[in-house]
Structure formats: C-alpha cells, structure tokens
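Just below is one structure, and these are the notes that go with it.
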There are 2 protein chains.
Amino acid sequence: MAMGRPREFDLDRVLGCALDVFWAKGYEGATMADLSAATGLKPGSVYAAFGSKAGLFTQVLDRYEDSVFTYARDAIQEPTVRQVIRHWLEGVARATTGPDTPPGCLLVHGALAAGDGAASIRAELAGRRERGEQFLVARLERARAEGDLPDTVDPRAAAGYIFALSSGLAVEAAGGADRERLLRTVELTLHRLPWE
Amino acid sequence: MAMGRPREFDLDRVLGCALDVFWAKGYEGATMADLSAATGLKPGSVYAAFGSKAGLFTQVLDRYEDSVFTYARDAIQEPTVRQVIRHWLEGVARATTGPDTPPGCLLVHGALAAGDGAASIRAELAGRRERGEQFLVARLERARAEGDLPDTVDPRAAAGYIFALSSGLAVEAAGGADRERLLRTVELTLHRLPWE
DNA sequence: CGAATTCTTGAGTGCTCATTCAACATCTCA
DNA sequence: TGAGATGTTGAATGAGCACTCAAGAATTCG
C-alpha cells in the first residue's frame with residue numbers, strides 16, 4: 001500500500017548534530033536555524049520528522065543518555081562503594097570536559113536554560129535527573145545490604161550528596177573550568193567520604 | 001543650571017522587582033515586557049535609567065550580592081573551618097529555597113541560561129562566582145596558617161569542593177528540591193569533611 | 001515667567017523566532 | 001505504468017523580542 005519517499009538523511013547523524021547544538025546552547029538557546037544549519041535539514045524536514053523543536057529535543061535526550069551516561073552504567077558495576085563513586089564522579093568530570101563535546105551537562109544546562117514557555121521541558125529534564133539518581137540509590141541500597149555501606153547511612157542521602165557534587169561539577173565545567181580542576185575536586189571528595 | 005524632572009520611581013524598589021524577575025527566569029528568559037510589568041516602568045523609562053537590559057542586570061547583580069550573600073560574609077567570620085563551612089552551606093541551602101524568593105541562585109541560573117548573544121553576561125557571572133570563591137579561599141588560607149586546616153590540604157582545592165557543592169545545591173533547588181532535602185545533603189557533607 | 005534640563009509615555013522600529021504550507025520529488029504496490 | 005503515500009524545498013506567517021523616538025510633563029534656575 002505505497003510506502004512513500006524514503007528520507008534522505010541518516011537519523012543517527014542528524015540526532016548527533018542536533019545534540020551538539022542543544023548541548024552547547026541549551027534548549028531555548030538553540031534556534032531552529034542553528035539546528036537546521038548543523039543538521040543540514042530544512043526546517044520543513046525537521047517538522048516532518050520530529051513534529052516540533054521539543055520533539056527533536058526529546059529524541060536528542062535519549063541519544064545523550066545512551067552515548068554519554070555509559071560511565072554511570074559502568075560505575076554501578078564496580079565492586080565497592082568507593083570504586084562506584086570514583087568511577088561515577090570521574091565520569092562526570094570527563095564527560096563535562098570532553099575535548100570534542102561542549103562543556104557541561106545537557107541535563108543541567110538544558111534545565112536551567114529553560115524559561116517560561118518550556119515548563120514541560122524543565123519537568124522532563126528534572127524527571128531524567130531523578131531517574132539517574134534512583135539508579136545510584138539502588139546501587140547504594142545493595143551496598144548497604146552487603147555491608148559495604150554503614151547501616152547508619154541513608155542511601156538516598158548518600159546519592160543526593162554525590163548528585164549534588166555531580167551537578168556542581170557540571171556547572172563549573174559549563175563556566176569554563178578545565179578537567180584537571182574538576183578531577184582535583186573529585187580527588188579531595190574521595191580522600192574521605194562523609195560516612196567513612 | 002536647571003535640574004530637570006525628577007524620577008518618579010524608587011530605585012531600590014525597582015531593582016528589587018527586577019531582581020525577582022531575573023532570579024526566576026534567568027537573564028535571557030526575562031523579557032523587557034516582564035521587567036516593565038514587574039517594575040511598573042515603561043520600557044522607555046528603563047532605557048533612560050539603565051541604558052539597556054544588560055545595564056539593568058548589572059545593577060540587579062550588585063543588589064543581589066548585597067542582599068543575598070550576607071550569609072557568606074557572616075560565614076567567614078565564624079571561628080573554625082567547620083563552622084565557616086556549616087554556615088556557608090546552610091546559607092546556600094536557605095538562600096536557594098527561600099519562601100519569598102525564586103528557587104535557585106541567580107549567579108548559577110543566570111549563567112547557564114545565557115545563550116549566544118550574552119557571552120559578556122556569562123563572563124560577568126563567572127567573574128562574580130570566582131570572586132566569591134576567592135573570598136572563601138582567603139578564609140581557608142588563614143585557617144591553615146592558624147593550624148585549623150591541615151598543611152596537606154590546598155585551600156583552593158577545599159574551596160573548590162565547597163563551591164562545587166554550593167552550585168550543586170543551587171541546581172537542585174532550581175529543579176524543585178525542598179529545603180529539607182538540601183539541608184540533609186549539607187548534614188551529610190559535614191558529618192566528616194574530606195580532610196578530617 | 002521662560003529657558004534649559006531631565007523624566008515619562010505610548011506608539012512604533014526592525015529583527016528573529018518557531019512553525020506552516022503548497023508545490024514538487026521519490027518511493028511502493030498493484 | 002499510474003495511483004497513493006511520504007519526504008523535501010523555499011518562501012511565507014504571525015508572534016514576540018530588545019530597543020527607539022517624538023511629544024508632553026515636571027522640575028530648577030535666571
């Protein structure tokens with residue numbers, strides 16, 4: 001029953017280009033003209049393919065998590081809480097200061113850069129950050145059951161602490177701090193964790 | 001030689017209203033229409049008095065630091081490093097979750113929400129954050145000289161750690177976290193500092 | 001008072017934004 | 001081959017943006 005004209009662009013490449021733009025400028029800072037220029041798609045094609053700027057952003061977020069948050073998935077596989085946290089925080093420091101990617105974190109940058117008309121975008125990003133935190137909470141709960149985290153420590157509080165530091169590192173990176181500076185903060189953090 | 005018509009508005013009140021708008025929406029998120037409505041000044045009067053949106057923002061920043069950063073000035077007066085840091089971090093937690101002010105920190109929010117056309121605004125905010133950090137560095141250097149901070153700890157690294165946490169708390173507040181949650185993170189941080 | 005000066009006002013400037021649309025192109029299937 | 005379906009294109013649309021300006025209003029000084 002007639003399939004229609006096939007799209008001429010590579011979806012993955014387009015999402016990658018759009019990611020760079022959103023990552024560098026935030027949701028509202030990125031204009032359709034920017035996105036059109038970076039992806040090579042005319043505005044009409046973007047709307048045909050993704051419905052809206054917000055629709056494109058949502059797909060870009062999925063791609064961001066898949067490609068950037070590998071360090072988080074790897075981190076929770078580490079055998080001890082110390083190693084989990086080291087892997088996690090060093091991953092944040094590296095991901096937010098990559099030589100080939102914009103400085104900062106899209107989930108942090110995007111959220112704060114969303115103004116009035118983008119309340120739903122802010123909610124979406126807050127939800128994704130929350131999911132990320134739950135990811136770490138679950139690992140720390142397991143650690144407590146295994147005796148690797150003291151009974152006196154609430155895994156949610158510990159994850160909240162690590163997450164606050166992660167967001168702080170992302171802010172510093174977005175503000176121009178270099179990787180060494182971030183890694184020095186990570187090193188000091190790991191010198192002794194609050195419950196050790 | 002003729003003084004001209006006196007201004008009809010109270011400068012301090014106008015800056016206060018503008019502060020609320022910038023604080024809630026960031027630099028680029030705040031429109032002149034928002035500012036005009038909140039202050040009661042017509043656009044023409046704003047430009048006559050402040051020159052531009054950026055000029056108004058700069059004056060608002062001064063006012064912000066004067067009124068909100070009292071906790072930082074008070075904190076460094078505390079006698080011990082522990083008390084300095086407690087006062088500082090609790091001040092951040094409270095200032096970013098005030099019942100009568102928007103959530104988050106203007107210096108963090110404003111910086112990340114500044115897109116392409118506002119590079120100078122971003123630089124201004126980065127400079128002000130840097131000045132804030134130096135403020136804490138100086139206090140920690142004194143503490144090290146007094147033996148209140150181990151010789152092995154670099155005051156700049158320690159201040160960087162506290163500042164990363166501060167920014168992280170501000171991001172969480174902007175994302176909707178409540179005061180109790182932030183204070184729980186502060187409590188865990190203080191349970192044992194990395195160099196203790 | 002009248003001249004000089006500064007503020008206020010309201011309407012308007014040109015620009016950029018996200019989004020749309022009609023015409024055309026390229027595919028599948030019968 | 002032709003009908004149906006979908007993708008691409010370039011131009012256009014209306015809304016919102018920071019900012020401006022001419023005219024009028026309030027003041028001080030001579």
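Proteins come first, then strands; the chains are lettered A, B, ... in the order of their sequence lines, and each starts at number 1. All values derive from a computational prediction rather than experimental measurement.
Both A:R5 and B:P6 lie near DNA chain D, and the one whose nearest nucleotide falls closer to the 5' end is A:R5. Comparing B:G40 and A:Y47 along DNA chain C, the residue whose closest nucleotide (by nearest heavy atom) sits nearer the 5' end is B:G40. A residue-by-residue look at A:A49 and B:S52 shows that A:A49 has its nearest nucleotide of DNA chain D further toward the 5' end.
Taking atom NZ of residue B:K42 and atom P of nucleotide D:dA25, one finds them 16 Å apart after rounding to whole Å. Whole-Å rounding puts the A:L35 CG to C:dT19 P distance at 11 Å. Atom-to-atom, CD of B:E28 to C1' of C:dC17 comes out at 13 Å; the value is rounded to the nearest Å. Atom pair A:Y27:OH and C:dC17:C1' shows a separation of 12 Å (rounding to whole Å applied). One interatomic measurement links the two molecules: CZ of B:R7 to P of C:dT9, which rounds to 13 Å at whole-angstrom precision. Between the CG atom of A:L56 and the P atom of C:dT19 there is a distance of 11 Å, rounded to whole Å. What separates CG of B:L41 from P of C:dC7 is a distance of 12 Å, to the nearest Å. For the pair B:L11 CG and C:dT8 P, the interatomic distance rounds to 11 Å; values are reported in whole Å.
Between B:R184 and B:E172 there is no salt bridge, since none of the side-chain N atoms of the basic residue sits less than 4.0 Å from a carboxylate O of the acidic one. Using a cut-off of 4.0 Å between Lys/Arg side-chain N and Asp/Glu carboxylate O, A:E146 and A:R142 are scored as salt-bridged. Between A:R122 and A:E28 there is no salt bridge, since no side-chain nitrogen of the basic residue lies less than 4.0 Å from a carboxylate oxygen of the acidic one.
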Requested in this report: Quick one, give me the B/S/- string for nucleotides 11-16 of chain C, reading 5' to 3', where B means a protein heavy atom under 4.0 Å from the base and S means that only happens at the primed atoms, P, OP1 or OP2.
Outcome: ------
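Among A:F22, A:W23, A:Y64, A:F50, the single residue meeting the ring pair (Phe, Tyr, Trp, His ring centres under 6.0 Å) criterion with A:F57 is A:F22.
Within 4.0 Å (heavy atoms only), A:F9 reaches sugar-phosphate atoms of the nucleic acid but no base atom. Across all strands, B:A30 comes closer than 4.0 Å only to sugar-phosphate atoms, never to a base (heavy-atom distances).
Taking 4.0 angstrom as the limit, B:S45 places none of its side-chain polar atoms (N or O) nearer than this to OP1 or OP2 of C:dC7.
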Requested in this report: For the pair B:V153 and B:R144, evaluate side chain to side chain contact (heavy atoms under 4.5 Å, CB included) and give the outcome as yes or no after the intermediate values.
Outcome: CA-CA 8 Å; B:V153 179; B:R144 194 159 80 153; 5.5 Å; no
Requested in this report: Start with the C-alpha distance between B:W88 and B:S166, add both sets of side-chain angles, then the distance that settles side chain to side chain donor-acceptor pair (under 3.5 Å), and finish with yes or no.
Outcome: CA-CA 9 Å; B:W88 183 288; B:S166 302; 3.2 Å; yes
What donor-acceptor contacts under 3.5 angstrom involve side-chain atoms of residues 155-165 of chain A, with partners at least two apart or in another chain?
unit_1	atom_1	unit_2	atom_2	d
A:R156	NH2	A:D154	OD2	3.3
A:Y161	OH	B:Y161	OH	2.6

